[in-house]
Amino acid sequence: MYEFFVPFITDALKSAGIETGKPVHIEQPSDRKFGDFSTNIALLSAKECRRNPRELAAEVIRHLKFPPGTVSKIDVAGPGFINFFLSPLFIMTSVEQILARGDQFGKGTAGKGLTAVVEYVSANPTGPLTIGRGRGGVLGDCIANLLETQGYRVTREYYYNDAGKQMTILAESVRYRYLELCGHDTVFPATHYQGAYIRDIAEVLFMEHSTVLADTEGLEVFKEAAETVIFNSIRVTLERLGIRHDSFFNEHTLYLKESERASPNQRVIDALVSKGFIGFYDGATWFLTTKLGQEKDKVLIKSTGEPSYRLPDIAYHITKFDRKFDRMINVFGADHIDEYPDVLEALKILGYDTGRIEIAINQFVTTTVDGQTLKMSTRKGNADLLDDLIDDVGADATRLFFIMRGKDSHLNFDVELAKKQTKDNPVFYLQYAHARICSLLRMALQETGFNHEHVVDYKALRRLESPSEIQLGFSLLEYPHWARTSLRLLEPQKMVEYLHSLAEHYHRFYQECPILKADREISEARLLLSLATRQVLRNGFRVLGISAPESM
RNA sequence: GCGCCCGUAGCUCAAUGGAUAGAGCAUCAGCCUUCUAAGCUGAGGGUUACUGGUUCGAGUCCAGUCGGGCGUACCA
């Protein structure tokens, strides 16, 4: 809808002889009494043209030529806005397109022929997923969905590490619990994983092997058991939320030689050496970020010989360039905020186009239960588990609550609210609109024989003209705009808000306009409008990954 | 100390640099013999933390101050 106006305004500017370098911008007025759309082009160009903005606006209007039956009124208002009013008939004929396109309505072509990789969750297998991880997981999943609606070919990737220090601590933790079960006198270190799941893993080992493992030197058997159990639990939890990945990228592969070539990690070091950004001191290998104005250099290879996380991170991103992704989107929590600038700097030095990398950082989650907030740490084992939350409020509420606030805002997850079955709870408010429409359609089939599946001609919609009908129709047409905006900002929250306002318009329409009880022709038209609403709700729910219940 | 994020109604949050800063909750007042009241309508409630700046116009951009969160590892 937005782009509908642009060419006509551009033409009008041209034929009025107005030269402006400013782009034509279409927006929605704050108040509908100002119209359906407006443009500020006269305000923007006024200075350049040395003319009064209102005069300029009037001039533009004189040259505007819209196709008949589309725009019913054009106004100059306020300091120089040009306001457009769409004709009700135009709105309703446009709604017909929604029914014609069905689940394709709202799809765009901006990403046609392009590929994107979205990296999200990426938790190492050291413990069950916590609520905080869930937010990033849902955010990433929705971003991937949004990319797909615009035609991108999307790879959903999970980057993990099953080696290194944390995994060693994990294996030791299991071993301590196992030794306890064997009756050994051990003290469980405070530095290790305290969670109950460690005990569960140890118990399984004890049942299978009795005390035999107590004498084994290596940690391998403990590590493997822990990794298998924990990874499975992570995948099960993700699956419950409808989060899936196409690709699991194991950091470990970056440490391995590739036939005749050095390992990807080593190649990063070599390349940075040749650019003069590597130093060796204190027994470690350093990325000389002080050369870039930073306070300290950063360790790439520790004095133990092991790479720190930064090195494989750089190498990992190079694989994304090697795999020729057009867009690379990383989703992670605020605790990783210090991680990416160094990676980007290194990639820039090595000549990669870091403009293709986008970072979506989500702030932390606190849960509120009776005003109590919980502080989380996987290590201490007192974290709120994502699984428990899903048990408590269900997958749909979990998903929606994670994305119904801007990702930059701290999220206050009100568990009580998420469980409520009233309109206070946005999940129910949205789903109820959908269920209500399904119920109507069922009843229509029963009582009047109206079968929406057999309708091929949507012209009946053109009979509608009452304010709540027009408002609803208009709202439906906004869906593609919000799909694009949500993606542009990497912010599914925009979609949530749009759907909420759509549901609101539907409920109002429902309240004001009898549907089954109206005259047959009007009734049919209103059923079609309801059907279009259901379609848009479904398309939106699909992006957000929540279910569309047929009855509630 | 330094870096990133946040500060908007009593509470939880919106507002691509635009017009009178909006929703929901809570409070108060209405709407069911009528398609799902799991809903709708209305009222009150604000110095957008503070001080300057940029411009036709600032909650939004810039600088500074105050307050909160997260980082600031040879953990990831």
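We name chains A, B, ... by the order of the sequence lines, and we start the count at 1 in each one. Quantities reported herein were computed from a predicted structural model and do not represent experimental measurements.
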* **Separation of atom NZ in A/K517 from atom C1' in B/U33, rounded to whole Å** => 10 Å
Touch class at under 4.0 angstrom, heavy-atom based, for [X] against every strand present:
X: A/S308; result: sugar-phosphate
X: A/S551; result: base
X: A/C438; result: nothing

Any strand: nucleotide that pairs with [N] via Watson-Crick or wobble, under 3.5 Å:
N: B/G45; answer: none
N: B/G64; answer: B/C50
N: B/A26; answer: none

* For the side chain of A/L440, starting at C-beta, report the closest nucleotide among B/A76, B/A38, B/C35. => B/C35
* Structure fact -> Winner on side-chain proximity to A/R508, out of B/C40, B/C70, B/A14, is B/C40
* Measuring from A/R526:CZ to A/L531:CG, what's the distance to the nearest 0.5 Å? ->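 One gets 16.0 Å once the value is rounded to the nearest 0.5 Å.
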* **Ring-on-base stacking B/A19 with A/F81 (under 5.5 Å, under 30°)** => yes
* Asked: Could you give all pairs that pass the salt bridge (Lys or Arg N to Asp or Glu O under 4.0 Å) test and reach residues 505-522 of chain A, with sequence neighbours left out?
  -> A/R463-A/E521
* Asked: Which glycosidic conformation, syn or anti, is assigned to B/C70 if syn requires a torsion within 90° of zero?
  ->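 Anti conformation here, the glycosidic angle of B/C70 being more than 90° from 0.
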* To do: Flag yes if more than 12 heavy atoms outside A/K419 fall under 6.0 Å of its NZ atom; otherwise flag no.
  => yes
